[in-house]
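Beneath this line is the structure, given in structure tokens, with notes to follow.
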Amino acid sequence: MTQTDAPLLSVDGLTKAYPGVVANDHVSFEIQPGEVHALLGENGAGKSTLVKMIYGLVRPDAGGMRWQGDAYTPDSPHAARGTGVAMVFQHFSLFDALNVAENVALGMENPPPMAELSTQILRVSMDYGLPLDPERLVGELSAGERQRVEIIRCLLQDPKLLIMDEPTSVLTPQEVAILFDTLRQLSKEGMAILYISHKLEEIRTLCDNATILRLGKVVDRCNPREKTARELAEMMVGKLLHSPERAGATPGEIILNVTGLTQASPRPFGVGLKNVRLSVRAGEVLGIGGVAGNGQDELLDVLSGEIRTVPGTIQFKGQTVGHLGPNARRALGLLAAPEERLGHAAAPDMSLTENAALTGTIREGLSDRGFIRWGAAREFAERIIERFDVRTPGPDTAARALSGGNLQKFVIGREVLQRPDLLVVNQPTWGVDASAAADIRQALLDLAAQGAAVIVISQDLDELMEICDQFAALNEGRLTPPRPTKGLTVEEIGLMMGGAHDMEVAHAV
Amino acid sequence: MIRLERRPTPSRLWAAATPILAVVLTMIAGGILFAILGKDPLEAIRTIFWDPLFNEQFASYSRPQLLVKAGPLILIAIGLSLGFRAGVWNIGAEGQYIIGAICGAAVGLAFYPMEARWMIFPLMVIAGGLGGLLWAMIPAILRTRFNTNEILVSLLLVYVAEQLLASMALGALRNPEGGGFPGSRNLQQYPSAANVELISGTGMHWGVAAAFIAVIVAYVLLTRHTLGFQARLLGQSPRAARFAGVSPNRLVLICMAISGGLAGLAGLFEVTGPAGQISIDFNSGYGFTAIIVAFLGRLHPIGILLAGLLMALTYIGGELAQFMLGLPSAAIQLFQGMLLFFLLAVDVLSNFRIRIGRREVA
């Protein structure tokens with residue numbers, strides 16, 4: 001029997017354990033029609049496992065769910081969709097070589113004929129301000145447009161509950177605004193939305209209710225609009241967070257000067273750098289924003305020396321360094337920490353001692369006539385572990401056994417302790433828990449306060465606004481001129497990120 | 001239900017235990033094979049692994065043979081292991097071994113019959129090592145310059161080297177006093193060029209000494225030296241290696257040079273010692289078997305030392321089994337091949353653990 005006053009979905013005591021970890025421990029919450037409900041938690045808090053159970057991808061060990069009062073036990077996504085649950089995944093499942101309509105058809109249970117489907121797509125996209133041409137190839141679409149394909153595919157199923165997993169991680173601020181307008185409209189029409197994120201401001205603007213998960217358990221429920229972002233963060237992390245403090249030193253002389261840097265990407269689908277120009281002063285933090293895949297990796301490689309380029313385009317402390325390799329640049333004081341921790345910044349199967357020697361041999365004097373001083377390397381590793389509070393049994397542990405946050409602290413600590421004159425970091429807090437992220441940001445600010453120049457490449461705009469003095473954005477390999485962070489509005493940042501193209505249309509509709 | 005679960009850290013215990021497990025599994029599978037061939041499996045295994053060392057009748061001949069066979073295997077495998085760790089796949093050690101032998105022998109024969117051992121033998125050693133090194137530079141340079149696959153190029157160059165060997169044995173290096181038979185003069189009988197037994201009755205010759213030295217040097221290189229660290233780094237995470245300032249091309253050249261040079265040396269010591277002369281069928285597959293030795297020894301110098309001795313034992317024991325039990329020689333090669341096969345198969349245990357039971361719905 002369907003009760004009209006029952007919640008749309010009620011989750012009661014769901015428990016799911018994996019070997020060595022309880023992903024969900026008696027999780028309960030309810031969601032009403034038309035409600036935008038946030039699932040908030042750090043990486044590894046159990047958000048993904050929970051929605052996978054709702055979407056029929058994972059079966060719970062214990063507990064149950066009710067859909068409009070009736071028992072709900074989906075054994076496959078197919079069954080979940082049949083009930084009225086739709087999900088937009090963080091990583092898109094689209095085929096680049098097919099057009100929009102074909103991709104939508106592939107994800108549907110009973111796709112109508114193509115011509116009819118195209119009309120439906122056009123209608124839905126107009127209704128919800130998600131302009132999309134059904135004939136375009138997905139390979140030509142931006143990340144925001146690809147997400148629209150996924151959303152429209154869900155909407156065509158006429159769901160009652162829409163699950164969105166970290167939907168804004170690939171979007172520019174303008175695209176986020178459009179997405180939120182759409183979600184609000186859907187919610188007004190009675191659709192429930194389960195919104196998964198760890199971005200607090202988004203949840204505060206969009207959601208009616210929030211369920212906060214920590215280590216698999218529900219630790220709190222609240223109306224996010226009544227809380228500050230800081231309060232939400234502390235609920236999520238379970239302890240008081242300190243905001244990064246900046247000493248506010250006056251910038252010194254120019255440390256790095258890049259002019260007219262054009263460099264093709266060595267990777268097949270990489271984005272080359274086009275006429276990049278930037279400079280950083282001692283004691284200054286330059287933030288480089290932009291959506292992933294716009295040349296961030298290439299910029300880091302060119303600055304670290306992994307990609308060598310025309311000598312004169314990079315001047316470091318007045319010296320021409322464009323042609324130098326990573327170790328020669330390290331010797332001069334130019335250090336870097338790449339985005340990918342495992343396999344780039346650190347060798348996964350090697351111990352922390354070996355990983356300390358990975359970049360530390362030159363500045364820490366870890367080698368003697370070609371022979372590595374393992375004793376000294378071990379001491380260096382121990383120093384990093386102690387100074388940066390890396391949670392690990394010891395320096396003999398393999399890098400891959402560390403959690404993301406701990407390994408990142410190790411990687412950043414390794415470079416910071418080498419007293420760089422310039423440190424370039426790419427995505428320093430990606431996939432890192434909030435308290436480790438705060439530590440890392442503080443370490444970068446401390447480094448700048450000691451007179452080093454810091455370049456932070458990140459997609460986390462909040463992070464950049466928090467710690468950077470100057471902001472520039474990368475878009476398709478082009479870097480905007482840096483502007484002081486102070487007084488920069490979200491709109492201006494969005495324009496710098498180049499996210500404005502064809503977005504105005506959406507509002508006009 | 002049996003599942004494999006990735007270990008957070010590779011198991012050191014299993015890394016050491018898998019070669020032993022592989023040997024045991026090979027013995028079992030080999031036993032079954034011998035039983036199908038109509039031989040008593042226990043007797044066959046005993047003939048291969050036990051008799052060469054402990055049977056009074058054979059031991060006096062086979063014990064020295066152990067070092068004679070193990071010497072080149074270890075010397076070549078040590079060179080290969082450095083490259084294998086770096087992800088540089090020199091499969092053509094057999095060719096470098098042949099070219100080393102030809103070059104070294106050619107230098108020696110050029111001086112014949114002059115007697116000046118202090119000069120001629122060292123010159124031959126240098127020529128042998130250089131010959132193998134230069135032969136290995138062909139796939140190395142093709143890879144660094146044109147990004148060709150060194151596996152393919154080095155392997156195919158083995159067949160080129162074999163043709164060269166045949167032409168040398170029939171042409172340029174043929175013994176002028178040999179009555180038209182193919183094959184060079186016997187270098188064993190030319191005191192200035194002979195690779196003599198250093199301690200009589202042990203099989204210990206200069207090549208074996210070189211193998212032991214290589215083991216020690218490789219151990220120091222791998223555990224203490226930057227080059228060994230860089231090789232391991234490049235093999236495990238190429239991107240992290242570049243970040244650490246490793247030049248992949250430089251390392252490819254170095255690894256190929258070392259493996260080629262050592263293979264060349266092994267060839268030189270063989271042609272001046274146990275083989276004695278350049279002949280059409282001079283090479284006997286040491287260069288290929290050394291690949292098994294390198295992996296069986298976990299690419300670790302001490303492991304390679306032990307694996308080389310074990311593999312030498314299967315050679316000698318295999319010959320003995322052919323002679324005593326009439327086992328076909330192919331059965332012995334199959335036996336050696338199985339060893340590598342089982343090793344690679346059980347290798348999974350060092351990175352994964354087996355979980356039995358516990359069903360998982362995912």
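Remember, it's a predicted structure, so these values are computed and weren't measured experimentally. Labels below follow one simple rule: chain letters A, B, ... track the order of the sequence lines, proteins then strands, and each chain is numbered from 1. FYI, side chains are in, hydrogens and waters are out, and symmetry mates aren't considered; it's all heavy atoms of this structure.
- Counting non-hydrogen atoms of neighbouring residues, nucleotides and ligands closer than 6.0 angstrom, the CH2 atom of B:Trp89 exceeds 12 such neighbours.
- Here the CZ-CG distance, from A:Phe371 to B:Leu227, works out to 10.0 Å after rounding to the nearest 0.5 Å.
- For B:Phe352, the CZ atom is densely surrounded, since the number of other residues' heavy atoms within 6.0 Å is greater than 12.
- For A:Ala346, the part lying under 4.5 angstrom from a heavy atom of chain B is the backbone only.
- Here the closest non-hydrogen pair linking B:Phe243 and A:Arg330 is O-NH2, 2.5 Å.
- Counting heavy atoms of neighbouring residues, nucleotides and ligands inside a 6.0 Å radius, atom OH of B:Tyr219 does not exceed 12 of them.
- A:Glu306 approaches B:Arg242 most closely through the heavy-atom pair CG-O, 3.8 Å.
- Minimum interatomic distance between B:Ser237 and A:Gly343 (heavy atoms only, all atoms of both residues): CB-O, 3.9 Å.
- The shortest heavy-atom contact between A:Ala347 and B:Leu233 is CB-CD1, 3.7 Å.
- Between A:Asp301 and B:Arg239 there is a salt bridge, since a side-chain N of the basic residue sits under 4.0 Å from a carboxylate O of the acidic one.
- Contact count against chain B (heavy-atom pairs under 4.5 Å) is highest for A:Pro338 among A:Ser367, A:Ala345, A:Gly325, A:Pro338.
- In this structure, chain B has no heavy atom under 4.5 Å from any part of A:Ala328.
- Of all the listed residues (B:Val220, B:Thr226, B:Thr223), the one sharing the greatest number of non-hydrogen pairs under 4.5 Å with chain A is B:Thr226.
- The heavy-atom pair separating B:Gly245 from A:Pro326 by the smallest distance is CA-CG, 3.9 Å.
- Enclosure of atom CH2 in A:Trp374 by more than 12 non-hydrogen atoms of other residues, nucleotides or ligands within 6.0 angstrom is indicated.
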